[in-house]
Amino acid sequence: MASTDSNILLSLAGVCRDYLSGETQVRALNNINLTIKRGEFLAIMGQSGSGKTTLMNILGCLDTPSSGSYSVDGHQVNALNVKELSSLRLKTFGFVFQRYQLLANYSAQENVAMPAIYGGMEKSQRLALAKKRLAQLGLTERSGHRPSQLSGGQQQRVSIARALINGAQVILADEPTGALDSASGQQVLALLKQLNRDTGTTVVLITHDALVAQQANRIIQMKDGHIISDSSQHQLPSDTPAPLGNCTPAAPLQTNTKQHIKCYPRISLWESLCLALGSLQANLFRTLLTLLGIIIGVASVVTMMAIGDGGKQQVLQRIEAMGTNLLQIRPGGRNIRASGEIATLTMEDAQFLTQLPGIADVSPEREARTTVRFGSNDYSGRARGITPAYFSMRNWEIAQGVFINNDDVERYSSVIVIGATVAEQLFPNTQNPIGEYVLMNNSFYQVIGTLKAKGASAGGRDIDDEVYIPITTAQLKLFGRPYLSSIIVKVSSTDLLPTIEATVTQELKRRHGREDFMVRNTATLVEAISDTQDTLTWMLGSVAAISLFVGGIGVMNIMLVNVSERRREIGLRIATGAKPSDILRQFNIEALMVCLLGGLIGVGLGLLISLVLQQAAIAVAFSLAPPLLAFTTSLLVGVIFGYAPAHKAASVNPIQALAEE
Ligand code: ADP
Ligand code: MG
C-alpha cells in the first residue's frame with residue numbers, strides 16, 4: 001500500500017464547511033472523505049447548491065475547512081500560514097473559471113504570464129514561457145490580443161495556459177465549459193484530457209453536464225454537501241451523514257513533516273513598480289486627475305514659500321542697505337496718550353543729538369500726505385521735510401539736479417526734490433523739470449532735483465511717490481508747528497549701538513523731563529519685521545499645505561475606488577499565488593508613485609511659476625528647503641493616504657471577489 005499512499009496528492013478527511021448566513025448556519029460540505037491521486041481526471045457532479053464550488057475552493061486552498069483535515073502532497077493545510085498557503089497554491093494549483101477571469105488590460109500573453117510574477121520569474125523568461133504555452137494550445141497568433149478580441153473558447157484556452165504557467169500539478173476547473181457553445185466546450189475538454197494524458201496533470205472538473213462528466217476517469221456525485229457516489233469505489237457509505245454540528249474530525253492523515261513548503265519571496269520592488277505603473281497607465285485619465293491634486297498642492301507650497309521668502313529678503317535687504325547702525329526715535333511712549341498728533345520731538349532735540357559723542361549723523365524728518373501741482377497736472381503723494389542727512393544715510397542717487405543742502409535748510413528755501421513717479425506724473429512731456437515751480441499747499445517750490453526710481457519700500461509702499469523739502473520750510477509752510485515725526489541717528493560704529501541707545505534715551509529724558517519718545521535700533525527692527533514676514537510665509541505655506549492635504553485625500557479616495565473596481569483582479573492574483581503582502585506592496589506603490597510623480601511635477605511647476613513671477617518683478621527667493629519639504633510631504637501623503645486602500649486590497653477575499661459580476 002506504500003506505493004499507493006505516495007501517489008495520493010489531495011486528501012480530505014471528515015471535512016465540513018459551515019457558512020453563517022444571518023442567524024442560521026448552513027452546512028455546505030458535510031463530512032467529506034475524498035482522496036485524489038496524481039494523474040487522475042476527476043469530474044464532480046451535482047445540482048446547483050450541492051457544495052461543488054465550496055469543495056473546489058477548499059481543494060485549491062482558497063478556503064479552509066470548518067472542521068476535518070485536508071492535506072496536499074502530505075502537507076496539512078490547517079497548519080500552514082498565509083505565506084505558505086500562497087506558495088502552495090502557486091506551485092500546485094491552476095484555476096480555470098467558468099467566466100475565464102482574464103485581465104482586460106493585458107494581452108493574452110501577459111495574462112498567461114501574470115501568475116509567474118509571483119513565482120519570481122523574470123519578465124522576458126515568463127513572457128517567452130507564456131508564448132510557448134499559448135503555442136501548445138494553438139493560440140500563437142492570438143498572443144498579442146486582448147481578451148475582448150478573443151472568442152469564449154479562445155479565452156478559456158488562454159486561461160488554461162495561465163493555469164499551467166507555474167507548472168501546476170492540479171488543474172481545478174469550475175464549470176469550464178459552462179459559458180461556451182458545445183463545439184468550443186468540446187475543444188476545451190479535449191485539451192484538458194490531452195493535458196492529463198500527456199503530462200500527467202491531475203484535473204478536477206466541476207460540471208453538471210453528464211456528457212462532459214463521462215469524459216473523466218472518475219465521477220463523484222454530490223448532493224446537499226455529501227458525496228453520494230464515487231465511480232472509483234463500488235460501495236460507498238452513502239447513508240452516513242453526520243448530524244449538523246457534530247462533524248467529528250477524522251484522525252489526522254499521515255503528514256509530511258520533514259518537508260517544508262518553500263515560500264516564494266515577496267515580489268521584487270522593480271516588479272511592483274512595473275505592476276503599479278501598468279495599472280496607472282491603464283487608468284490614465286483617472287491617474288491624471290489624482291496627479292493634479294498633488295501637483296497643485298506641491299506647486300502652491302513651493303510658490304507660496306518662494307513669495308514669502310522673497311518678500312522677507314527684500315525687506316531685510318532694504319533695511320540692511322541703510323545700515324545696521326541706526327537708531328530711530330519716534331514721539332510717544334508708554335505713558336503718553338495717543339490722541340491726535342504726538343508733538344514731543346523738536347529740531348532742537350535733533351541739534352542736541354548731533355553734539356553727543358559717537359553719533360555720526362542725525363536725520364530729523366516730518367512727513368505728511370499732500371498734493372503737488374504743476375500746470376494742469378497734480379499728484380497726491382507724501383511730502384517729507386528733511387535735512388541733507390536723509391539722503392546721505394540712504395545712499396540715494398539723484399537723476400537730475402542736486403539734493404537739498406544745509407544752506408537750503410538754514411534759509412528756509414522753497415526748493416523741492418521729487419521722486420521718480422512724481423516727476424513722471426507732473427512732467428510727462430518736459431525733458432527737464434529742474435527750475436520749474438510746483439504748487440503745494442498754496443506755496444510755490446522750485447524743483448532742484450529728481451531722484452532715480454527705487455521701487456517699493458521696506459513696508460511694500462512706493463517710495464518714488466514722495467517729494468522732499470527742507471525741514472525748516474516744511475515746519476513753517478506745511479505744518480505750522482515745529483515738531484518732528486522722527487529722528488534717525490546714525491551711530492559711528494555698530495558696537496557702540498547699545499551704549500549710545502542708552503545715552504540718547506537718558507539725555508532726551510533729561511531734556512524732556514519724561515520719556516515721551518521711543519528709541520528703537522535697527523537690529524530690533526530687523527527682528528520684528530523678519531518675524532512678521534516669517535509668520536506671513538508660514539501662513540501662505542500652511543494654506544498651500546492644506547491643498548496638499550486635500551490632494552492626499554483625493555489620492556485615498558481614488559485608490560479606494562480603484563480597489564473596489566479591481567476586486568476581481570486582486571482575487572485572481574491571490575488565487576494564482578500572490579501573497580497578500582504582494583498585493584499590499586503593489587497598491588502602496590501605486591499611491592506612492594502618484595504622489596512621487598505629482599511631487600516632482602509640482603516642484604517643477606512651482607519653480608516655474610516662481611520664475612514667471614520674478615520676471616513680473618515680484619520678489620521671490622529660491623531655497624532648497626520648500627521644494628524638498630513639499631516633495632517629502634507629498635511622498636508622506638502617498639504613504640499615509642495609500643495605506644488604507646492598500647490594506648483593503650490585501651484583505652480581499654478571493655472567493656468572494658471572483659464570484660462577483
Ligand atoms: P454549487 O457550487 O454546487 O452550486 P456551492 O458550493 O456554491 O454550490 O454552495 C453550497 C451551499 O453553500 C449553498 O447552499 C450555498 O447557498 C451555500 N453557500 C456557498 N457560499 C456561501 C457563502 N459565502 N455564504 C453563505 N452560504 C454559502
Ligand atoms: Mg458552483
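Just so you know, ligand 1 is whichever comes first in the structure, and atom 1 is the first atom listed for that ligand. Just so it is clear, the structure is predicted and the values come from calculations on it, not from any experiment.
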Approximate separation, where rounding is to 0.5 Å, of R568 CZ and I570 CD1: 12.0 Å
Atom 5 (P) of ligand 1 touched by protein (heavy atom, under 4.0 Å): yes
Closest protein heavy atom to atom 12 (O) of ligand 1, given as residue, atom name and distance to 0.1 Å: A28 CB, 3.2 Å
Test: D582 and R585 ion pair at under 4.0 Å: no
Salt-bridge contact D174-K52 (side-chain N to carboxylate O under 4.0 Å): no
Contact flag S48/the Mg ion (ligand 2), N/O/S atoms, threshold under 2.8 Å: no
Nitrogen or oxygen of G51 less than 3.5 angstrom from that of ligand 1: yes
Ligand 1 N/O within reach of S21 N/O, cut-off under 3.5 Å: no
Atom pair CD/CD1 of Q156 and I160 - distance to nearest 0.5 Å: 5.5 Å
Interatomic spacing from CE in M222 to OG1 in T54 - rounded to 0.5 Å: 7.5 Å
Protein contact for atom 19 (C) of ligand 1 (heavy atom, distance under 4.0 Å): yes
Nearest-contact summary for atom 25 (C) of ligand 1 - protein heavy atom, Å: Y19 CB, 3.3 Å
Any side-chain heavy-atom pair of R17 and S66 under 4.5 Å: yes
Those atoms of ligand 1 less than 4.0 Å from some heavy atom in Q47: 3 (O)
Ligand 1 atoms in contact with T54 (distance to a heavy atom under 4.0 Å): 5 (P), 6 (O), 9 (O), 10 (C)
Any N/O pair G49/ligand 1 closer than 3.5 Å: yes
Donor-acceptor contact present, side-chain S143 to main-chain L139, <3.5 Å: no
Under 4.0 Å to a heavy atom of S48 - the qualifying atoms of ligand 1, by number: 4 (O)
Proximal atoms of ligand 1 relative to T53 (non-hydrogen, under 4.0 Å): 1 (P), 2 (O), 6 (O), 7 (O)
Option passing side-chain hydrogen bond (donor to acceptor under 3.5 Å, both in side chains) with Y118 (candidates K579, R266, R573, E271): R573
